[in-house]
Amino acid sequence: MLARLYEWFDSRLKLKPLEQTLLNEPIPGGASWNYVYGSATLFLFGLQVLSGMLLMVYYVPSTDHAYDTVRFIQDEVWGGWFIRGLHHWGASAVIMLVGLHMLQVFFDGSYKKPREMMWIVGVILLTLMLGFGFTGYLLPWDQNAYWATQVGINMVGATPIVGDFLTKFLRGGETLGALTLSRFFAIHVAFLPALIIVGIALHLFILRRVGPAGPHDEAKAKKGSETFHPRQVYMDSVVMLGVFVVVSMLTILIELPLADRADPSDHSFIPVPEWYFLFHYQLLKYAPGALGPLATWLLPTLFFAALFLLPFWDRNPGRNPASRPITLAVGMGFLITVFVLLGFSLKQLYAVPKKDPAIDRGLGLTVQFGCKTCHRIHGEGGNLAPDLSFVADRRPDRAWHIQHFKDPKSVSPGSFMPTFPLNDKQLNDLTSYVLTLKSGATH
Ligand code: HEC
């Protein structure tokens with residue numbers, strides 16, 4: 001049946017030569033698990049396109065609706081949480097696989113003549129990927145999105161000469177707002193995809209013109225080659241499936257955060273950037289005074305310049321790692337620095353004291369007793385009574401709250417806040433929760 005169908009199409013479209021080109025590309029030295037990173041990245045990119053298209057069905061890129069539509073996707077749309085999770089974790093996985101892909105190419109010296117162009121297009125693809133990450137982060141329009149983007153744009157603004165222009169260009173106005181969101185959306189779903197598809201096509205075109213590099217070990221390479229089909233196709237497929245399983249597991253096991261709705265007036269919010277920007281963020285903490293701006297723009301500029309120039313700077317034709325000690329030492333030095341900084345950064349992030357379970361029980365009590373019918377907390381609730389978002393700033397005293405809950409009038413004469421039927425444990429839980437409502441707290 002399938003064979004006859006194929007015959008039917010083949011007799012009209014002449015598919016055989018196409019099949020030859022697609023599947024019979026020779027790989028010097030044979031198929032290898034070392035060569036799976038590129039195709040796994042391509043697979044993840046496809047997954048991003050698909051999940052992104054599905055998210056666009058409900059997402060509305062306006063400051064009035066972005067947050068609510070993301071909430072709606074997360075909580076109401078059938079399978080919406082899964083698609084959003086795939087898109088979120090997929091984005092991280094792309095960065096990780098691009099990193100592995102580049103490391104493999106770096107250690108094997110595959111960027112050397114005649115593959116310089118492929119490397120350069122690859123570096124451009126990396127910057128486009130980071131662009132996707134940066135523009136995508138703003139789209140949910142929650143506190144983290146808003147303030148992390150604010151920090152990011154300020155960092156770009158630190159660049160001399162072009163800084164001002166870039167800031168205005170990214171923001172679309174004097175402040176981060178509706179115009180920024182629309183243009184980040186346009187960049188994320190139209191401009192970057194168009195550019196990256198051209199880039200990927202070019203990357204693959206060059207690959208087919210110069211051929212895969214094969215192993216750095218000449219003796220191994222001479223052993224003869226093997227076609228792309230079937231073994232490399234098999235290895236690539238296994239890894240793609242594995243990547244999909246991992247991304248799905250992350251989606252299922254880890255609940256995706258969505259912070260409070262973006263509040264441009266709340267300058268106390270401390271944003272956390274994506275993990276792949278964390279090492280740079282950490283580095284900036286160590287840069288004293290005047291060196292700060294320099295570390296902000298000069299280091300990334302130097303880093304990308306070094307990447308672009310690598311094939312021209314390192315022209316020693318030997319690809320064997322043993323014959324390239326300096327290049328590899330520089331590469332290793334960079335990697336170690338990145339991971340050490342990332343480690344410090346994560347350690348500081350998680351040094352935030354573990355959440356006391358009493359706080360969650362207290363939060364539950366506020367729902368049970370309908371505190372928000374009168375009080376507003378982080379943008380939600382009534383306005384019959386004081387806004388509690390930062391109540392612990394003005395009332396840090398536990399005893400005061402306990403007394404207040406027992407009998408509001410005793411500490412606040414004339415109060416119409418009701419006395420709720422709370423036992424001692426509940427009084428404590430509720431107070432523990434109320435004391436977390438202070439500026440700079442992240443939850
Ligand atoms: C019927 C409306 C109403 C409800 C429901 C209500 N409160 Fe109040 N609350 C008030 C009013 C009015 C005040 C201001 C007077 C006072 O301090 O008692 C107040 C004050 C407070 C304060 C002190 C605020 C400040 O700025 O000093 C806290 C804390 C507080 N409420 C917590 C709660 C919690 C927790 C709940 C739910 C268990 C709750 N309230 C439910 C009306 C209400």
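We count ligands from 1, going down the list as the structure has it; atoms in each ligand are counted the same way. For reference, positions follow the sequence shown, starting with 1.
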Touching ligand 1 at all, [X]? Heavy atoms, strictly under 4.0 Å?
X    : value
Y433 : no
K409 : no
R394 : yes

Any atoms of ligand 1 less than 4.0 Å from a non-hydrogen atom of [X]? List them with their elements.
X    : result
A385 : 9 (N), 10 (C), 11 (C), 12 (C), 42 (C)
H401 : 29 (C)
R395 : 25 (C), 27 (O)
S415 : 15 (C), 16 (C), 18 (O)

Which angle, to the nearest 10 degrees, do you find at atom 8 (Fe) of ligand 1 between SD in M417 and NE2 in H375?
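Output for this angle: 180°, rounded to tens.
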Can the ring centres of F390 and H378 be said to be less than 6.0 Å apart?
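For F390 and H378, the ring centres are under 6.0 Å apart.
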Are F184 and F134 near enough that their ring centres are under 6.0 Å apart?
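Yes, the ring of F184 comes within the 6.0 Å limit of the ring of F134, centre to centre.
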Note: D314-K112 ion pair, threshold 4.0 Å (strictly below)
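Yes, D314 and K112 are salt-bridged.
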Just let me know how L365 lines up against ligand 1, side chain, backbone, both or neither, with a heavy-atom cut-off below 4.0 Å.
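It is neither; nothing of L365 touches ligand 1.
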Pairwise distance CH2(W119) to NE2(H203) - rounded to 0.5 angstrom:
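Answer for the CH2-NE2 pair, W119 versus H203, is 10.0 Å.
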List the steps and the verdict of side-chain hydrogen bond (donor to acceptor under 3.5 Å, both in side chains) for Q232 and D236.
CA-CA 6 Å; Q232 191 67 52; D236 286 358; 3.1 Å; yes
Between S410 and Q403, does the side-chain hydrogen bond (donor to acceptor under 3.5 Å, both in side chains) criterion hold? Intermediate values first, please.
CA-CA 8 Å; S410 68; Q403 183 56 37; 3.0 Å; yes
Counting heavy atoms only, which of C374, S410, P386, S412 is nearest atom 1 (C) of ligand 1?
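Nearest heavy atom to atom 1 (C) of ligand 1 lies in C374.
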Checking a contact table here: which protein heavy atom is nearest atom 21 (C) of ligand 1, and how many Å away?
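The answer is H404 CE1, 3.2 Å.
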What's the shortest distance from atom 38 (C) of ligand 1 to any protein heavy atom, and which residue and atom give it?
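Of the protein heavy atoms, C371 SG, 2.6 Å lies nearest.
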Hey, does the side chain of T159 reach the backbone of V162 with a donor-acceptor pair shorter than 3.5 angstrom?
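No: the side chain of T159 does not pair with the backbone of V162.
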Ignoring hydrogens and geometry beyond distance, is a side-chain donor-acceptor pair present between D260 and Y67 at under 3.5 Å?
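There is no such pair between these side chains.
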